[in-house]
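As structure tokens, the structure follows; a few thoughts come after it.
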Amino acid sequence: MTSDLPAEREPGAAGLAALRPRLPSPLVELPDERFARRGVRLLLKRDDLIHPDLPGNKWRKLAPNLRAAAASGHRTLLTFGGAYSNHLRATAAAGRLLGFATVGVVRGDELADRPLNPSLARCAADGMRLLFISRAAYRRKTDPEVLAALLAEAGGPCYVVPEGGSNAAAAQGCAELGLELRGMADVVGVACGTGGTLAGLAAGLGEGQRAIGFPVLKGGFLGREIERLQTEAFGGRRGDWRLDERFHAGGYARTTPELDAFADDFTARHGLPLERLYVAKALHGLTTLTEAGEFARGTTVAAVVTGAADPPETAETAETAETAETAETAETAETV
């Protein structure tokens with residue numbers, strides 16, 4: 001299929017390159033006395049600086065899916081998320097930048113008659129058509145009959161990107177993150193939602209390196225999902241990785257006074273506001289493990305900064321948004 005879009009909006013490799021992503025993303029050392037007194041170096045992998053509209057793991061996970069969509073000839077992307085999904089926002093921005101039509105299937109048909117929150121308003125401003133469906137239907141969104149009905153409502157054939165953007169293509173894209181960190185750190189920590197970032201990161205790391213994933217969801221389901229993604233992407237489990245499920249702070253879009261105090265203190269120490277729903281949880285986990293003596297003296301630890309902090313008003317609203325309990329949340333992780 002030949003596109004009539006100008007090169008900067010051509011939705012293939014040329015169009016993506018024209019967006020000028022900052023790759024490899026910066027890797028910076030961050031002096032922190034809590035790590036230093038244990039003889040551990042702390043590095044930040046600043047994936048939040050890759051692109052202003054598609055930061056962090058959003059770029060790494062969406063880019064291969066956008067190439068696949070372009071190769072398939074589909075000019076409409078359909079994907080899924082909750083009312084505050086960073087993935088929906090990134091997909092809408094990608095559509096605007098690269099000339100794709102986008103459709104976002106949003107969990108919660110009760111939201112259809114309410115004013116759009118700042119996250120969904122941003123999606124709409126970027127041209128995304130929003131389809132609100134019931135929570136029961138959302139849990140069945142991948143069933144053939146439900147998906148067929150959604151595609152029909154969307155107006156025809158679409159390239160379907162899974163919730164959170166995590167599929168085999170996304171895991172392969174995130175393997176580049178591991179490759180960029182080869183030889184740079186002994187341990188790499190990252191927050192996990194749908195598991196695609198950790199699946200690729202671990203596969204890309206070199207011998208002697210290990211990855212720790214910090215799930216932001218309750219439920220204990222994520223290990224199986226990461227193994228499934230690695231099998232689809234790489235033919236089996238790859239890399240040395242594990243999950244530490246103690247730092248989810250109650251589940252997706254939830255924080256605790258302890259986590260908020262940690263994030264505020266981190267910002268005061270380093271002048272870097274932390275995205276609370278993912279990045280703060282991962283850094284809290286790495287800091288706690290370091291102070292508990294988990295890492296031997298001389299260890300270099302890298303924390304992946306997968307996204308930037310939202311403006312205060314957006315973050316506060318997201319924290320108070322209705323979120324599903326463990327069983328539903330296990331099926332509806334929203335990014336990373």
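Being a predicted model, the structure only gives us computed values, none of them experimental.
Residues passing the side-chain contact (heavy atoms from CB on, under 4.5 Å) test with T142, sequence neighbours excluded: none. Taking R238 as the reference, A203, Q230, F234 meet the side-chain contact (heavy atoms from CB on, under 4.5 Å) condition, with sequence neighbours excluded. Remark: E145 engages R140, D143 in a side-chain contact (heavy atoms from CB on, under 4.5 Å) (not counting sequence neighbours). Checked against side-chain contact (heavy atoms from CB on, under 4.5 Å), L205 has the following partners two or more places apart in sequence or in another chain: L181, V188, L201, Q209, A211. Among residues two or more places apart in sequence or in another chain, the ring-ring contact (aromatic ring centres under 6.0 Å, His included) test is passed with W59 by H51. Listed by chain and number, the residues in a salt bridge (charged side-chain N to carboxylate O under 4.0 Å, His left out) with E258 amount to none (sequence neighbours excluded). Applying the ring-ring contact (aromatic ring centres under 6.0 Å, His included) rule to F262 yields the partners H284; only residues at least two apart in sequence or on another chain are considered. With sequence neighbours left out, F35 forms a ring-ring contact (aromatic ring centres under 6.0 Å, His included) with no residue at all. Every residue two or more places apart in sequence or in another chain that forms a salt bridge (charged side-chain N to carboxylate O under 4.0 Å, His left out) with D264 is listed here: R276. F214 is linked by a ring-ring contact (aromatic ring centres under 6.0 Å, His included) to F247, counting only residues two or more places apart in sequence or in another chain.
With a 6.0 Å radius and a threshold of 12 heavy atoms from other residues, nucleotides or ligands, R37 has its CZ atom above the threshold.
Residues L62 and H87 form a side-chain contact, since some pair of their non-hydrogen atoms from C-beta on lies under 4.5 Å apart. Looking at heavy atoms from C-beta onward, N57 lies out of side-chain contact with Y278 at the 4.5 angstrom threshold. The shortest side-chain heavy-atom distance between R67 and L16 falls under the 4.5 Å cut-off. Side chains of L272 and L44 form a contact here, defined as non-hydrogen atoms less than 4.5 Å apart. Using a 4.5 Å heavy-atom cutoff, the side chains of L217 and H248 are not in contact. For the pair V301/L289, no side-chain contact is recorded, criterion being any heavy-atom separation below 4.5 Å from C-beta on. With a 4.5 Å cut-off on side-chain heavy atoms, L151 and V160 count as touching. Side-chain contact check for L77 versus L66: some heavy-atom pair is nearer than 4.5 Å.
Nearest heavy atom pair, residue K61 against residue N65, reads O-ND2, 3.0 Å. Contact between S72 and Y159 at its shortest, heavy atoms only, is OG-CD1, 4.1 Å. When every heavy atom of L274 is checked against every heavy atom of A263, the shortest pair comes out as CD1-CA, 4.2 Å.
The CG atom of D244 sits 4.0 Å away from atom CZ of R246, with the distance rounded to the nearest 0.5 Å. Distance CG/L19 to CG/D53: 8.5 Å, rounded to 0.5 Å. Taking OG of S25 as the reference point, atom CZ of R60 lies at 5.0 Å (rounded to 0.5 Å). The OG1 atom of T306 sits 10.5 Å away from atom CG of L277, with the distance rounded to the nearest 0.5 Å. One distance of note links CG of L23 with CG of L49; it measures 11.0 Å at 0.5 Å rounding. From D32, atom CG reaches atom CZ of R38 across 13.0 Å, with rounding to the nearest 0.5 Å.
Within the 3.5 Å criterion, the main-chain N or O of G82 finds no donor-acceptor partner in the side chain of S85.
R228 has a carboxylate O that lies under 4.0 Å from a charged side-chain N of E225, or vice versa, which qualifies the two as a salt bridge.
The stretch residues 168-179 participates, sequence neighbours left out, in no side-chain hydrogen bond (donor to acceptor under 3.5 Å, both in side chains) pair at all. Pairs of residues two or more places apart, or lying in two chains, never qualify as ring pair (Phe, Tyr, Trp, His ring centres under 6.0 Å) while including a residue from residues 168-205.
At a threshold of 4.5 Å between side-chain heavy atoms, the hydrophobic network of Ile, Leu, Val, Met, Phe, Trp and Tyr places L42 and V187 in one connected group.
In this structure, Y138 and F80 have perpendicular ring planes: the angle between them is above 60°, well past the 30° mark.
R89 and N86 share a donor-acceptor pair across their side chains, judged by distance under 3.5 Å alone.
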